[in-house]
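These notes concern the structure reproduced below.
Computation of the quantities below employed the complete heavy-atom set of this structure, encompassing side-chain atoms and omitting hydrogens, waters and symmetry-equivalent molecules. So you know, we letter chains A, B, ... as the sequences are listed, proteins then strands, and number each from 1.
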Amino acid sequence: MSVIYLLLALSIIVALVFFGVFIYSVKRGQYDDVHTPAVRMLFEDELVKEENQKQSIKTKD
Amino acid sequence: MQDNCFHCGNSCDQDAIVFDEKAFCCRGCKTVYELFSSNDLGCYYDLQDAPGAIPEEVAGKFDYLDNQKIVEKLVEFDDGDIQVVNLYVPHMHCSSCIWILENLHKLQADIRTAQVNFPKKTVRITYKSSALSLKEVVQLLSRIGYEPYISLDDFDKGKKEVDRSLIYKLAIAGFAFGNVMFLSFPEYFEVEEYWLEEYKHLFRWLMFSFSLPVVFYSGTDYFISAYKGLKAKILNIDVPIALGILVLFLRSTIEILFDWGTGFFDSLTGLVFFLLVGKFFQQKTYSFLSFERDYKSYFPIAVTRIDKQNKTEENIQVYDIEVGDRLLIRNSELLPVDAILINGEAQIDYSFVTGERDPVRKVSGDKLFAGGKQLDGAIEVEALKSVEQSYLTQLWSNDVFSQNKDASFVNLTNKISKYFTSVLLVISLVATAFWMYHDSSMALNVFTAVLIIACPCALALSTPFSLGNMLRIFGRAKFYLKNAHVIEKLNDLDTIIFDKTGTLTTNKKVAITYEGLELTEEEASLLKNTLRASNHPLSRSLYTFLASQSISTLDSFEEITGKGMLARQAENSIQVGSASFVGSPQVESQLQTTVHVKTNQEYKGKYTFNNQYRSGVQTIFNALSRSHKLVVLSGDNAGEKEQLAKMLPKNTQMLFDQKPDDKLNFVKALQDKGEKVMMIGDGLNDAGALAQSEVGVAISENVNVFSPACDAILDAEQMHKLPSFLLAARKTVNTIKYSFVLSFLYNVIGLYFAVTGQLKPVIAAILMPLSSISVLIFVTLLTNYTSRKLKLFKN
């Protein structure tokens with residue numbers, strides 16, 4: 001027996017795991033809307049900026 | 001100081017409300033701003049300038065949400081404590097909208113989460129139903145200018161299952177293709193090496209197992225389609241493809257079984273993968289548009305019924321309306337059934353139905369039709385028919401709406417594949433017969449090789465890619481097609497039918513002309529100020545049309561409903577209104593909308609309201625009349641016939657006073673004569689004709705607003721490009737024809753190897769992707785070039 005069987009089995013299992021994860025995420029509807037998450041991930045930064053601005057205005061007063 | 005409202009961006013005029021050093025056009029906008037800034041949601045205005053909408057609150061509009069039965073139908077999930085509802089919000093248009101809607105919980109603590117789906121313009125809200133009712137959620141949204149649109153369409157839809165099977169099939173084919181490529185690579189070079197000899201059987205059986213799901217799951221559509229085609233005695237493109245897949249699989253399996261060779265598993269999985277990629281590319285959908293709408297998308301879900309005996313009001317579902325029910329229709333509500341007006345002043349706007357902009361005034365006892373929108377206060381009506389029986393909704397019982405238009409359409413690929421498949425079979429049989437005679441051991445080899453190599457992969461790919469690419473180009477130019485087949489249909493038209501109102505004319509601008517004696521400055525000022533006091537739509541239009549005058553107070557003002565106005569200022573008096581009211585010397589024409597003016601007991605003249613034709617209508621007609629027969633079908637009277645005749649080419653047929661059924665039957669009659677018809681319309685009254693025609697195009701001022709069921713939606717601003725779109729469709733079909741020639745060349749090269757018995761797996765593995773990819777690049781470049789040359793993106 002050679003180590004190649006083990007390696008082949010391992011590589012296919014790893015590939016199948018990723019494949020399964022992809023199918024699962026499609027099934028859960030993660031790819032139904034690809035636009036909104038792209039916008040949403042930028043919001044947190046805006047919020048922080050807003051708070052900073054507010055603080056600076058307050059210190060002026 | 002800015003001139004535009006900080007909240008909604010509309011111009012503020014003189015009466016801007018200044019608050020917090022910012023200008024607002026109205027109290028509503030200011031209130032929303034206050035609400036946001038006091039809840040630390042001011043960030044709303046940072047993401048986008050003036051993202052808001054003026055909140056329109058109509059008291060009692062959402063009272064029907066008190067009815068638990070209706071709420072049950074609307075919510076997606078309800079466990080008694082938590083409810084989930086998915087609402088369609090038409091105003092959603094920028095990142096600020098996403099942000100504010102997803103931060104709803106900061107405005108109302110009982111809202112748990114809100115998640116936006118921007119392409120679909122929906123927001124899914126999870127809230128504590130024990131503390132907050134659906135009505136309150138909807139009212140909160142309306143208050144901040146994001147009024148959800150709830151129509152009869154939402155009523156009987158369950159949770160829609162999304163069909164994602166194509167993605168699964170594509171994923172499996174891609175996964176298998178990649179792995180099979182790795183496994184088959186060592187044997188491409190045929191090195192007589194010890195380790196390779198040792199493991200090649202394992203590699204081959206692994207490839208076999210990878211190809212199993214590809215053939216029996218990913219490829220099933222092709223087998224089914226080929227079977228259906230053969231059953232209907234049509235040799236469609238899927239016949240040679242299914243044959244190719246089957247032969248590839250069987251020959252490869254036999255080869256590895258008897259250790260004759262490595263098989264063609266790489267080509268097999270690659271073929272299915274490329275074909276599915278083409279299918280996927282063609283499936284571009286515009287999720288914010290719907291091409292399947294019927295009257296249900298326009299109609300309200302509930303209506304207020306007045307109990308005649310007890311004088312009480314209750315909200316009932318529209319489907320529960322019975323003949324004889326007394327209904328209350330509020331300001332800006334839609335009439336769901338044909339009815340008789342009992343009480344109140346009706347100003348009915350039939351623009352949903354006919355595209356006609358001017359509202360019609362009705363008095364008690366008049367018949368009102370379903371689909372009309374009440375504009376002026378509340379009215380009481382008595383139902384004459386139920387929802388399905390009403391004048392407009394009856395149209396949908398016609399068979400056209402249940403037919404599938406695409407089913408009867410034979411596309412270019414399938415037309416060609418008939419010949420292709422026959423030629424292919426002849427070649428394979430001739431070659432087999434030749435080898436039988438020459439060297440019978442090679443016969444089966446050659447027979448299968450021909451079927452494998454001639455499998456029309458490139459041929460089958462060129463159509464989806466050129467059509468898919470054009471579909472996207474059209475979409476960017478604001479011509480949204482339902483599917484890729486529409487492009488092929490656009491190329492093959494005989495007659496183009498236009499609706500008049502709302503299609504050739506705009507709903508926005510009105511051309512007003514004045515005939516009569518010139519008004520003095522004093523009189524002009526008096527007229528403007530009189531109009532200012534009136535709320536009648538004609539007065540509003542005329543008011544904006546006239547030159548601005550200083551605002552002064554009238555000494556007396558009286559408006560006589562349905563007739564006109566009397567006003568007095570200092571020693572000047574004025575009468576504005578209908579011809580009979582003013583006492584016009586002329587006989588009033590029934591065909592035109594006019595407003596007459598009389599000052600100090602002297603008749604001055606009249607303002608005529610003409611429909612404003614879209615810019616470029618004449619050019620469109622001139623360009624199209626060269627290649628197509630043109631017809632104008634109008635639901636209106638023949639009042640503008642002469643004006644229209646002047647603009648249109650001489651041979652244009654014009655028909656007026658066409659009812660929705662008439663339009664449908666007109667299209668049908670043309671089709672019976674064998675003509676291919678394109679219908680261009682906008683209102684619900686065109687819906688039948690749009691469905692019946694080969695290509696139904698809905699013209700839309702605002703693509704986010706509803707348009708009737710159709711094959712394509714064209715932004716009204718882009719209407720002048722119609723001839724270019726048709727030309728682009730023609731060029732696309734030509735592109736496909738060129739690419740067929742190209743893919744035939746590849747097939748000839750491949751066939752040379754096949755019939756001479758020299759087809760090695762490595763040749764197939766090179767030739768198949770090479771031909772597919774080069775055809776793909778060819779059609780993409782050519783369609784892009786076409787769109788640039790025709791200037792589809794320029795305004």
Check each atom of A:Val39 against the heavy atoms of chain B and say whether the ones under 4.5 Å are side chain, backbone, both or neither.
side chain

When the 4.5 angstrom heavy-atom criterion is applied to B:Ile172 and chain A, the contacting part is both

As an exercise: rank A:Ile4, A:Leu8, A:Leu16, A:Thr36 by heavy-atom pairs under 4.5 Å with chain B and give me the winner.
A:Thr36

Strictly by modelled atom types, are B:Tyr168 and B:Arg164 linked by a side-chain donor-acceptor pair under 3.5 Å?
no

Between B:Tyr33 and B:Phe6 (judged by ring centroids, cut-off 6.0 Å), do the two rings come close enough to count as a pair?
yes

Before giving the answer on side-chain hydrogen bond (donor to acceptor under 3.5 Å, both in side chains), spell out for B:Thr269 and B:Ser211 the whole-Å C-alpha distance, their side-chain angles and the decisive distance to 0.1 Å.
CA-CA 6 Å; B:Thr269 48; B:Ser211 72; over 6 Å; no

What heavy-atom pair brings B:Leu166 and B:Phe280 nearest, and what distance separates the two atoms?
CD2-CA, 3.8 Å

